[in-house]
Each structure stands twice: as structure tokens, then as C-alpha cells.
Participant: 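My questions will all concern the structure given below.
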Amino acid sequence: MNKIKIKRIGILTSGGDAPGMNAAIRAFVLAAHHYHIEVIGFYHGYNGLICDESIAQSKNLTLSDVNGIIHRGGTILKSARCPQMLTQQGLEQAAITLNDKNIDALVVIGGDGSFNGLLALKQHWHGQSIGIPGTIDNDLDGTDFTIGFSTAVNTAIEAIDKIRDTADAFERIFIVELMGRHSGHITFNVGIACAAEQVLSFENFCIDDQQAKLVQLASEIKAAKENRHTSYIIVIAENLWPDGTINLAKQLNQIADIDCTACVLGHIQRGGSPVPKDRLLATKMGVAALQAIIAGENQIMIAEQHSAICYIPLEQAIKHHKRVSQRLVDAQENILALTAQTQY
Ligand code: F6P
């Protein structure tokens, strides 16, 4: 690896914000200042590279800018999805901005869509590109965890524990929808940790025939509730049920007379103060990103595997969505089987 003299690095946060993004920005800026490298923060994701200069789109990040932010959710740089990064014109404009500002390397904290943008940029701009995995979805391949995932899981667990209290009081059935776009990492982890009676996600519930699945679900709920006066919580991944979770609850009511309440947890899962695990991961990854740039790395994502930092080619990180561990899927199956045999 070449040792390159780096003077100025750009950083931005892109796509769905994730708790811990601020901690990563802080660590990166602290590390860069140690090496007397300037850091330019671009605002509103890739829009900060593309939009009109009349709107403040970038700022030289000082140590005081990152003071007191490690515990804050969201991102001080703001975030956005940026469809213009899918166009040649947008990519060219981004490259012009980076060249005009003499940026040697660009760090993007985000998920797969953001890393796609970073990969596409390489046709137009020849600086170093580094990704830091920041998404609550935990779906990037090559890293055990992404920044924000642990906090999102924690937030959802706290919420469902509260739902359980009221569900128990009324012996009610709830269907709680969790985020994850097309991956069940949040759904499985939260479902198991909350002792959900059912975990429905892409990995274990293939909806080939919606009507048949509805009938199956209804009979499972009825069988479980038959001799037990208890609450019943189903956690379901967003985008799983074809016409939405609220309709699933309505359909169960209509076809099987099952009175259940749908609760879409939604964006509450993206907010809040990052848990220690995310603060630590973000801090390690922020420092590692700076070290990777100094070492001459390019087109890589900072990752952590078995507690050790490593580098994964960006292409590999986004080629496939990281799968939920089969052991987790099996664990849920086993717990269900055991619970079904247990007399309460
Ligand atoms: O990628 C993070 C995420 O929160 C997904 O879990 C979810 O599907 C999506 O973003 C929601 O995006 P938006 O906030 O743009 O609706």
C-alpha cells in the first residue's frame, strides 16, 4: 500500500440516518486533526456535492463542530437520498465539486444505495473513496454489524416490551411491523429478544399464496390462543405482507374473526441516542477510515468481523444483502416448537 500525502478529505452522511453516524463523524474528524488533515463536511448527503453553491452545502469541520455529539442521534451533516447520483450529469457535477475543492478522499457513511453512488463516482473522479457502514438495516455484506443496528434493535425491544404490558392486560393480539427494507435482521433479533409468539420475515415466510398464508396464520393464532388466556405478539418485517401490515390485521379479522391490532413502529427505530455498542463501533470505524486513507486504500468499506476491523471491497459489500444467520432463524423455530409443547 502506498503512503500518500493527504491534505483534504470530504465526508458526508447519506440515505437513512442511523444512530451513531455522529459518533463516526466525530472520530474521523478527531483522527484527521491529529494528522493535520482538513475535513470538509458536505451537507444533505450527495446533494451537498451537487446542489447550487448558493445554499450552504459544505463546511470545514473543526474540533468544536464535533464536540458533544457522540451521544446524539441523527447526523449533524443532515442526510438525504439523492436520485441525481443515478444520472451522468449528477455524477459529473459531484466530481466537479470534489475537484474544485481539492478533495483527496471522500468518506461516505451510509448503506447500499450510498455505496452504489460512491462506486459510480469512480468513472468521473479519481480520489480515494471509503465507505463506513451506517444503516439500521445491518444488511451490508462483510461486516458483522452496521452502525445504528444495535440502537434500532434496542429501541424496538423497549417499544414492544411496553406493547406486551398492555397486550397482557387485555390478552390481546398485536402485529408489530419493524423496519429493515428487505432484510429481517431487525425483525429476527427483536422478535427473539421480545419472545414474540411469531416472527414473520423474508427468511422464514414466503408468501407465494397470500390467501393460504392468511388461513395458516389464522389457524396458528387460534390454536395458540385456544387454551391460554394470554397476549400474542407477531413481529413482521416491513414490505413482507403484500398489501401492508395494517391490511393483514384487517384480513385476519375478516376471514377468521381474529381481533388483532396492527402497530407500525416506523421511524422511531431510526432515532435516539446511540447505545454504547454503536458509539464504540462508530468510533473504531471512524478512526479506521482515516487510517485506511493514509494507507492508500480505495473503493473499500470499513468493516468489523469477529471484533477486528478489516476492509471489504465496496463492490462486494453491496453485491448481495447480508443474510440473517440461519442459526437465528432456526433458534426461533426451535423456541416455537418448544413453547407449543409446554403447558402453562
Ligand atoms: O434503510 C433504512 C430504512 O429505515 C429502512 O429500514 C426503511 O425501509 C427505509 O430506510 C425507510 O426510508 P424512508 O425514511 O426514506 O422512508
Side-chain angles (χ1 to χ4, degrees), residues 12-24 43-48 73-75 77-86 108-119 131-143 145-160 175-191 199-203 205 207 235-248 262-275 278 281-282 285 301 303 314 317-324:
L12 58 86
T13 48
S14 161
D17 50 287
M21 281 182 162
N22 281 328
Y43 287 88
H44 305 287
Y46 286 106
N47 290 323
T75 154
L77 292 177
K78 312 290 181 183
S79 194
R81 306 194 192 278
C82 178
Q84 280 161 285
M85 283 298 280
L86 299 171
V108 171
I109 310 175
D112 58 351
S114 311
F115 293 172
N116 258 314
L118 204 47
L119 274 171
I132 297 182
T135 165
I136 63 165
D137 300 343
N138 201 33
D139 57 352
L140 289 164
D141 217 9
T143 188
F145 294 102
T146 56
I147 296 167
F149 170 68
S150 302
T151 306
V153 166
N154 203 53
T155 302
I157 288 173
E158 283 181 0
I160 295 179
I175 306 182
V176 185
E177 181 188 290
L178 296 172
M179 271 188 172
R181 200 174 289 265
H182 299 294
S183 301
H185 293 277
I186 296 179
T187 303
F188 266 98
N189 281 274
V190 171
V199 174
L200 305 182
S201 185
F202 309 96
E203 298 76 7
F205 199 75
I207 306 180
V235 294
I236 184 167
E238 65 169 335
N239 300 320
L240 181 74
W241 196 255
D243 36 18
T245 303
I246 292 171
N247 274 323
L248 169 60
C263 175
V264 177
L265 279 195
H267 289 76
I268 189 174
Q269 294 158 95
R270 286 233 299 257
S273 182
V275 296
D278 277 327
L281 182 66
M285 287 184 163
M301 175 185 83
L314 275 177
I318 59 173
K319 194 167 180 188
H320 307 289
H321 284 142
K322 183 177 74 183
R323 292 174 63 84
V324 173

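Numbering of ligands and ligand atoms starts at 1, following listing order.
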Participant: Is there side-chain contact between Ile318 and Leu119, with heavy atoms separated by less than 4.5 Å?
Facilitator: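 Contact flag for Ile318/Leu119 side chains = yes.
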Participant: Should the proximity of Arg270 to ligand 1, defined as any heavy atom under 4.0 Å, be assigned to the side chain, the backbone, both, or neither?
Facilitator: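 For Arg270, the contact with ligand 1 is made by the side chain alone.
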Participant: Note the single closest protein heavy atom to atom 9 (C) of ligand 1, along with its residue, its atom name and the distance in Å.
Facilitator: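 Answer for atom 9 (C) of ligand 1: Arg181 NH2, 3.4 Å.
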Participant: State the atoms of ligand 1, each with its element, that fall below the 4.0 Å cut-off from a heavy-atom position in His267.
Facilitator: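 Under 4.0 Å from His267, ligand 1 has these atoms: 13 (P), 14 (O), 16 (O).
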Participant: Side chains of Thr187 and Ser201: is there a donor and an acceptor less than 3.5 Å apart?
Facilitator: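 Their side chains do not contain a donor-acceptor pair, so the 3.5 Å distance test is not met.
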Participant: Can you confirm, on distance only, whether ligand 1 has an N/O atom lying under 3.5 Å from any N/O atom belonging to Arg81?
Facilitator: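 Min N/O separation from ligand 1 is below 3.5 Å for Arg81.
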Participant: List the steps, then state whether side chain to side chain donor-acceptor pair (under 3.5 Å) holds for His182 with Asp137.
Facilitator: CA-CA 9 Å; His182 299 294; Asp137 300 343; over 6 Å; no
Participant: Work out which heavy atom in Ser114 is nearest to a heavy atom in Val108; give both atom names and the distance.
Facilitator: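 In terms of heavy atoms, the two residues are closest at CB-CG1, 3.9 Å.
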Participant: Would His182 count as a contact of ligand 1 if the rule is a heavy atom under 4.0 Å away?
Facilitator: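 The answer is no: ligand 1 sits nowhere under 4.0 Å from a heavy atom of His182.
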Participant: Which heavy atom of the protein is the closest neighbour of atom 1 (O) of ligand 1, given with residue, atom name and distance?
Facilitator: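 The answer is Asp137 OD2, 2.8 Å.
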Participant: May I ask you to check whether Asp278 and Thr151 show a side-chain donor-acceptor distance below 3.5 Å?
Facilitator: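 Present: a donor and an acceptor within the cut-off.
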Participant: Heavy-atom contacts with Gly180 under 4.0 Å: which atoms of ligand 1 show up? List them by number with element.
Facilitator: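 Result: 6 (O).
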Participant: Between Arg270 and Asp17, is the closest basic N to carboxylate O distance under 4.0 Å?
Facilitator: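 Yes.
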Participant: Where do Leu118 and Gly131 come nearest, in terms of heavy atoms and distance?
Facilitator: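 Scanning both residues completely, I find the closest heavy atoms to be CD2-N, 4.1 Å.
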Participant: Please state whether Gln269 comes within less than 4.0 angstrom of ligand 1, counting heavy atoms only.
Facilitator: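 No, that is not the case, since the closest heavy atom of the residue is not under 4.0 Å from the ligand.
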Participant: Which ligand 1 atoms are under 4.0 Å away from a heavy-atom of Glu238?
Facilitator: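 In order of numbering, the contacting atoms are 5 (C), 6 (O), 7 (C), 8 (O).
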